[in-house]
Amino acid sequence: MNHERLDLDKKDILLIDDMADNLRILSSLLTKEGYNVRKALNWQMALTACQTVLPDLILLDIMMPEIDGYEACQRFKASELTANIPVIFISALDDTFDKVKAFRVGGVDYITKPFELAEVLVRVQSQLKLRSAQLEILKLNTELEQRVKQRTSELEKALQKLQGEITSRQQLQSKLLDIALHDSLTGLPNRVLFIRRLEKALNRAKQDANYQFALLYLDCDRFKVVNDSLGHLVGDELLIAIAHRLKTSVVPVGTLARLGGDEFGILLENLTDISIAIQVAERILQQLSLAFKLSRYEVFMSASIGIAWGNKEYDRPEYLLRDADTAMYRAKALGRVRYHIFDPAMYQEAIQLLELENDLRRAVARREFLVYYQPIISLSTGRITGFEALARWQHPSRGLISPIEFIPVAEETGLIGAINLWVLQSACHQLHLWQNHPAISEIITISVNLSARLFSLPNLIAKIDEIINETNVNPANLELEITESVIMENSQAVKAILQQLQERKIKLIMDDFGTGYSSLSYLHSFPLNALKIDKSFVKRMLENQEDMGLVPAMISIAESMGMRAIAEGVETREQLAQLRSLNCDFAQGYLFSQPIEQQLALNLLTRAPQW
Ligand code: C2E
Ligand code: CA
Ligand code: CA
């Protein structure tokens, strides 16, 4: 049994929390420390408790059903009976706890869950001390009214003490407010404070036509890699070092803030010339390009910066921040380690991209995709030996959308898995139909593009097996086209997947060969069957009549590694003749056919044209 007996000498603390567990932990801690603790699970119980005996201190949870902490505090403050009882808020770390609001409704302090027991005690003790000082003053004041004369000296002492307590309380208050507005790791202003400053700048711009300001939004490039590989402590150390460098780069005109994670904001005010913002961005990029010598590691870190010009037309500071953020994303998309200036057209684009994302989600659910087939020709026989499957999106209002537009969005949003596997499934199904078609006698292959993202699916091989079994195709006639980025990772996981594909006799083709960064030594250690020479090289072949550019070298690389060479983007008879003279094995391109629907592909196959 839990006896909650009231001991009049002890300080009385009322705990209000809807979670019985929290109540128990806090209550046993405080009871051990010699406090009288009473518990309330909701507002009604709390009210009854206060009416029975007034507590000296209230610990109040923010997150409660019906009446939340802010509201409860406001009610306590509104009632004469409870107005002077100090209220300390309790919040979980992941609550969206609004500290400023907490102070505004009359809270004096806050404690975060999970509890640091020592911290809880210090905060409780300090508030109780303040409270008893207050009560003492109150008591003295009433006595004073009757005995003014004798007690003048005592009064003075008490007043002094009061003064002291008040200042220390004010200091505490402002310190807490300070904590609420700053980032604890770097000590920089946080997002809340930054937005307030932005708002001020915006208001000033509305009043003073000569006042110019700009906003820089900075995001570190690949910061996650540091965190993941070297650990969060090193990540924190690096963030502090970055903050330090940024500080020196933005003086004397700017406010630097940490907006969260690896993102920083810089507000540049009183600009005489707006191009100063560009100079600052350049200086930052230059500063960040130098190595960071941390306690245990030397680390390199770059950043991408979005710039938005201050403009009195903005209704809210958040919009300005959003635009700088959009520009920052553009800087990333353009290859990182650079700045980009916001242009209103980007906002339009961002909205369109968002629409595309939404449409794509719906498209996956409604299967709005098609597969087109482009023939691949054997240069020794001049006949079709297979097809490359290429995805198309049949958009309900925009018509056919090219994969160049939607595949990157699908990769960005994670929808690529579903789409790509659907293409594989359709292409295999098609292959099965063709293989059993009475008019088709030769064996043909189907090539399907496999996004690098698919390699991080945990069950890729199982999915592929499932598709092969369902569609009943011979895996030896299936080819998967991968890009150099897959190989570049050189991870054991990727190697294992490629190995398993090889065991199933599935062919692997290196697509867009020559456009990536893969070194030949890498190529060697992967089980590739063919290199597909990117169309840009085939195109340039004509321009370099003499040496035909890099194509001859690529074909001999393929040959020397025992792989086939496929040329893509063949558009002219001259290119075809050149490729033949170089002993290229296969070719693909508009000269033979554009990617076409399944029925047209069948016609092409049965008509058996020869090139
Ligand atoms: P890719 O794999 O390099 O595919 C070849 C692209 O070149 C196709 O564009 C094709 O229409 C085009 N092409 C073919 N012959 C010629 C030619 O003679 N001249 C020129 N200029 N272009 C030619 P498409 O169909 O628009 O596909 C673009 C890219 O989208 C593909 O490039 C591939 O990377 C990606 N993609 C298409 N379907 C899928 C898919 O199902 N999964 C994945 N992951 N990616 C796909
Ligand atoms: Ca391809
Ligand atoms: Ca290609």
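On a predicted model such as this, the values are computed, not experimentally measured, just so you know. Note that ligands are numbered from 1 as they come in the structure, with each ligand's atoms numbered from 1 the same way.
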Worksheet entry | No-hydrogen, no-angle side-chain donor-acceptor test under 3.5 Å, Asp183 and Thr186 | yes

Worksheet entry | Option of least heavy-atom distance to atom 45 (N) of ligand 1 (set: Val371, Asn449, Asn420) | Asn449

Item to complete: Show your reasoning for whether ring pair (Phe, Tyr, Trp, His ring centres under 6.0 Å) applies to Phe213 and Trp309.
Response: CA-CA 7 Å; Phe213 70 105; Trp309 303 133; over 10 Å; no

Item to complete: Under 4.0 Å from a heavy atom of Gln374: give me the atoms of ligand 1 that qualify, with their elements.
Response: 14 (C), 15 (N)

Fill in: Interatomic distance, Ile509 atom CD1 to Ile482 atom CD1 [nearest 0.5 angstrom]
10.0 Å

Discussion item. Can you tell me how far apart CE (Met561) and CE (Met510) are? Round to the nearest 0.5 Å.
Written reply: 9.5 Å

Worksheet item: Does Arg392 have a non-hydrogen atom less than 4.0 Å from ligand 1?
Response: yes

Fill in: Chi angles and distances behind the side chain to side chain contact (heavy atoms under 4.5 Å, CB included) call for Gln374, Tyr590
CA-CA 9 Å; Gln374 186 178 37; Tyr590 294 166; 4.0 Å; yes

Worksheet item: Considering only heavy atoms of Pro403, which atoms of ligand 1 have at least one such atom less than 4.0 Å away?
Response: 24 (P), 25 (O), 26 (O), 27 (O), 28 (C), 30 (O), 36 (N), 37 (C)

Practice prompt. Please lay out, stage by stage, how Phe406 and Phe369 fare under the test ring pair (Phe, Tyr, Trp, His ring centres under 6.0 Å).
Written response: CA-CA 11 Å; Phe406 72 82; Phe369 301 96; 5.7 Å; yes

Worksheet entry | Distance filter under 4.0 Å to Ser451 heavy atoms, resulting ligand 1 atoms | 44 (N)

Item to complete: Answer with side chain, backbone, both or neither: which part of Asp512 has a heavy atom less than 4.0 angstrom from an atom of ligand 1?
Response: side chain

Worksheet item: In ligand 1, which numbered atoms sit nearer than 4.0 Å to a non-hydrogen atom of Pro595?
Response: 11 (O)

Fill in: Chi angles and distances behind the side chain to side chain contact (heavy atoms under 4.5 Å, CB included) call for Gln575, Met541
CA-CA 7 Å; Gln575 288 166 338; Met541 218 168 37; 4.1 Å; yes

Worksheet item: Measuring from the heavy atoms of Glu388, does anything fall under 4.0 Å of ligand 1?
Response: yes

Worksheet, complete the sentence: Logged contact type for Gln594 with ligand 1, heavy-atom cut-off 4.0 Å, is neither

Worksheet, complete the sentence: Of all N, O or S atoms in Asp511, the one closest to the Ca ion (ligand 2) is OD2

Worksheet item: With backbone taken as N, CA, C and O and side chain as the heavy atoms from C-beta onward, which portion of Ala391 lies under 4.0 Å from ligand 1: side chain, backbone, both, or neither?
Response: both

Discussion item. We want to know whether Ser451 and Asn420 form a side-chain donor-acceptor pair, criterion being a heavy-atom distance below 3.5 angstrom.
Written reply: no

Worksheet item: Looking at the Ca ion (ligand 2), is one of the N, O or S atoms of Glu388 less than 3.0 Å from it?
Response: yes

Item to complete: Mark yes or no for whether Arg504, through its side chain, and Gln500, through its backbone, hold a donor-acceptor pair below 3.5 Å.
Response: yes

Practice prompt. May I ask you to check if Arg245 and Phe292 form a cation-pi contact, with NZ or CZ under 6.0 angstrom from the six-membered ring centre and within 45° of the axis?
Written response: yes

Worksheet entry | Asp511 contact mode with ligand 1 (heavy-atom cut-off under 4.0 Å) | side chain

Item to complete: Give the numbers and elements of all ligand 1 atoms closer than 4.0 Å to a heavy atom of Glu571.
Response: 17 (C), 18 (O), 19 (N), 20 (C), 21 (N)

Worksheet item: Given that the side chain starts at C-beta and the backbone is N, CA, C, O, which of these parts of Gln588 lies under 4.0 Å from ligand 1, counting heavy atoms, or is it both or neither?
Response: neither

Discussion item. Applying a heavy-atom cut-off of 4.0 Å, say which part of Ile407 lies close to ligand 1: side chain, backbone, both or neither.
Written reply: side chain

Worksheet item: Is the distance from the Ca ion (ligand 2) to some N, O or S atom of Asn449 under 3.0 Å?
Response: yes

Worksheet item: For ligand 1, which atoms sit closer than 4.0 Å to a heavy atom of Val423?
Response: 41 (O)

Worksheet, complete the sentence: Under 4.0 Å from one or more heavy atoms of Gly569, ligand 1 contributes atoms 16 (C), 17 (C), 18 (O), 19 (N)

Response to the item:
Answer key: the N, O or S atom of Glu481 nearest to the Ca ion (ligand 2) is OE1

Worksheet item: Can you find an N or O of Ile416 that's nearer than 3.5 Å to an N or O of ligand 1?
Response: no

Discussion item. Is it true that Glu388 and Asn449 share a donor-acceptor pair across their side chains at a distance under 3.5 Å?
Written reply: yes

Discussion item. Distance under 4.0 Å to a non-hydrogen atom of Gly589: what atoms of ligand 1 satisfy this?
Written reply: 15 (N), 18 (O)

Worksheet item: Where do Gln588 and Val570 land on the side chain to side chain contact (heavy atoms under 4.5 Å, CB included) test, with the steps shown first?
Response: CA-CA 6 Å; Gln588 181 183 356; Val570 179; over 6 Å; no

Practice prompt. Kindly indicate, with the supporting measurements, whether the criterion side chain to side chain contact (heavy atoms under 4.5 Å, CB included) is fulfilled by Leu415 and Val409.
Written response: CA-CA 8 Å; Leu415 293 166; Val409 180; over 6 Å; no

